[in-house]
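Numbers here are sequence positions counted from 1. Keep in mind that this is a model prediction, so the values were computed, not measured.
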Amino acid sequence: MDAAALRKLSHDQHVVIGRLARTARALAADAGLTQRQESAIGRWAASVENSTAIVTATSDGP
């Protein structure tokens with residue numbers, strides 16, 4: 001694959017993981033979880049989003 005295709009795939013992965021994280025937060029809220037449980041899921045989701053952003057930023061080539 002060329003660099004442009006890899007950047008596109010990396011971007012798409014970031015978008016999908018962001019949607020997954022937002023969905024996890026919404027499902028936690030809809031499920032009536034306690035504030036502590038919902039916060040834990042929110043922290044997990046933020047961690048996943050941040051990890052993906054770091055990987056994306058460091059893997060993008062020139």
Exercise. Got a sec, which hydrophobics cluster with Val16, joining ILVMFWY side chains under 4.5 Å apart, including via others?
Worked result: none
For this session: Please list, chain by chain and in numerical order, all residues satisfying side-chain contact (heavy atoms from CB on, under 4.5 Å) with Asp2, sequence neighbours excluded.
Result: Ala4, Ala5
Seminar exercise, completed: Residues at least two apart in sequence or cross-chain that pass side-chain contact (heavy atoms from CB on, under 4.5 Å) with Arg19, listed by chain then number, are Val15, Arg22
Seminar exercise, completed: Those residues at least two apart in sequence (or on a different chain) that pass side-chain contact (heavy atoms from CB on, under 4.5 Å) with Leu33 are Ala28, Ala31, Gln37, Ile41
Problem set entry | Residues forming a side chain to side chain donor-acceptor pair (under 3.5 Å) with Asp12, sequence neighbours excluded | Lys8
For this session: Applying side-chain contact (heavy atoms from CB on, under 4.5 Å), name anything that partners Thr23, two or more places apart in sequence or on another chain.
Result: Leu27
Problem set entry | Backbone N/O of Gln35 and side chain of Ser39: donor-acceptor pair under 3.5 Å | yes
